[in-house]
Undergrad: 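Take a look at the following structure, please.
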Number of protein chains: 2
Amino acid sequence: MNSESDFDPDVATWKQLADRLRQAIRSGELAPGQRVPTELSLTQEYGLSRLTVRRALQQLRSEGLIVVVRSRGTFVRSERERVVVILGKGDQVQARMPDPDERRKYRLQEGEPVVLVTRTGGSVEGYGAHGVTVVGG
Amino acid sequence: MNSESDFDPDVATWKQLADRLRQAIRSGELAPGQRVPTELSLTQEYGLSRLTVRRALQQLRSEGLIVVVRSRGTFVRSERERVVVILGKGDQVQARMPDPDERRKYRLQEGEPVVLVTRTGGSVEGYGAHGVTVVGG
DNA sequence: CACGATTTGTTCGTATGTATT
DNA sequence: GAATACATACGAACAAATCGT
């Protein structure tokens, strides 16, 4: 396939690798639930260091495109049920990357933003960004 | 101060360093706009490799707490005006980390999630997560 | 159950490039 | 031009968790 590396020296290699993998995912070449090549095989296939490969994978993780499971491998994210949250009048929504406490509390994946809904009463709800859609009601 | 390193060997060092810096920022010890110690000085102060220091800084960047300016330094994020977006009935909101196209399009900072508002008509608006609050209207 | 193979996580060192001061 | 400071990228090693034999 595309084993040989022809990377543009003007762009960070990890970005270009991320671009290729993202394209492969969007085109369906790498289907949801399917396994992404291991870090080792990617280093060999493209002739890159593991650091560079990991930097690319980290980017895709942060975009919610892949899920990494320690000791098992990396997989294209399966479409998950998206929880729907109805937003009442005056309720507020903010999103950001979580701190470690929030990651635990809302069971977020590495690189997944948290969506915080503050109700008019003052109570706060947190959701993993990759699994929630907020709808005005 | 806290120059000596007493890191818990059971937790990734970069996470612990990130915790300390986050605490310093939240407590005001490092005030908005103020400079964060350079990578080099952090490696020396805590006796860590630069990679470990960078991993910690990358985490804080992803949380929107700091802004890294190449060749200039790292700074505590200044509070920015938050744009308020009113969400109409049926409008939808999703958040995730952007791909490179979206980063350019919506002028997002490194590590800043994008908030996408889809109006009932089908049009889509994108905002930087660190500068927007969505309010139900 | 134990052991080895696989795979990701963390951490060190080193070198070079690029932009600012 | 020199010094400073972040960005990228190589290599190497060990830890930790999972899986098949």
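Values below: every heavy atom of this structure, side chains too, minus hydrogens, waters and symmetry copies. Naming: A, B, ... by sequence-line order, numbering from 1 per chain.
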Undergrad: Testing the 3.5 Å rule here: is there a donor-acceptor pair between the side chains of B/T133 and A/Q94?
TA: yes

Undergrad: Figure out the CG/P separation between B/L57 and D/dC6, and round it to whole Å.
TA: 8 Å

Undergrad: Pick the nucleotide of DNA chain D nearest each of A/T13 and B/R35; which residue has the one closer to the 5' end?
TA: B/R35

Undergrad: Figure out the NZ/C1' separation between B/K15 and D/dA15, and round it to whole Å.
TA: 14 Å

Undergrad: Nearest whole Å is fine: how far is D/dT4 P from B/L42 CG?
TA: 17 Å

Undergrad: If you compare all heavy atoms of A/D91 against all heavy atoms of A/L87, which two are closest, and at what distance to 0.1 Å?
TA: CB-CD1, 3.4 Å

Undergrad: Passes side-chain contact (heavy atoms from CB on, under 4.5 Å), B/L48 versus B/L17? Steps please.
TA: CA-CA 10 Å; B/L48 303 173; B/L17 176 57; 4.0 Å; yes

Undergrad: With the side chain of B/L51 defined as its heavy atoms from C-beta on, choose the nearest nucleotide among C/dT11, D/dC6, C/dT7.
TA: C/dT11

Undergrad: Could you state the CG-P distance from B/L40 to D/dA7, rounded to the nearest angstrom?
TA: 14 Å

Undergrad: Rounded to the nearest angstrom, tell me the gap between atom CZ in B/R55 and atom C1' in C/dG9.
TA: 10 Å

Undergrad: Reckon B/R70 touches a base, only the sugar-phosphate, or nothing at all at heavy-atom distances under 4.0 Å?
TA: base

Undergrad: For A/S49, answer base if it contacts any base atom (sugar-phosphate contacts may also be present), sugar-phosphate if it contacts only those atoms, and nothing otherwise; contact means non-hydrogen atoms under 4.0 Å.
TA: base

Undergrad: Taking the minimum atom-to-atom distance to the side chain of A/R61, which one of D/dT8, C/dT8, C/dG9 wins?
TA: C/dG9

Undergrad: Determine: side-chain N/O of A/T52 to OP1/OP2 of D/dT8, distance under 4.0 Å, yes or no.
TA: no

Undergrad: Whole angstroms only, please: what is the CD-C1' distance between B/E39 and C/dA19?
TA: 14 Å

Undergrad: Could you state the CG-C1' distance from A/L48 to D/dG11, rounded to the nearest angstrom?
TA: 13 Å

Undergrad: Could you tell me the separation between the CD atom of A/Q59 and the C1' atom of D/dT8, rounded to a whole number of Å?
TA: 15 Å

Undergrad: Can A/R61 and A/L65 be said to form a side-chain contact (heavy atoms from CB on, under 4.5 Å), step by step?
TA: CA-CA 6 Å; A/R61 223 169 11 168; A/L65 292 177; over 6 Å; no

Undergrad: So, does the side chain of B/R50 form a donor-acceptor pair with the base of D/dA7 at under 3.5 Å?
TA: yes

Undergrad: Answer yes if the side chains of B/R54 and B/Q59 hold a donor-acceptor pair under 3.5 Å, and no otherwise.
TA: no

Undergrad: Take B/V69 and A/R72, find for each the nucleotide of DNA chain D with the closest heavy atom, and name the residue whose nucleotide sits nearer the 5' end.
TA: B/V69

Undergrad: Does the side chain of A/S71 get closer than 4.0 angstrom to OP1 or OP2 of C/dG9 through an N or O atom?
TA: no

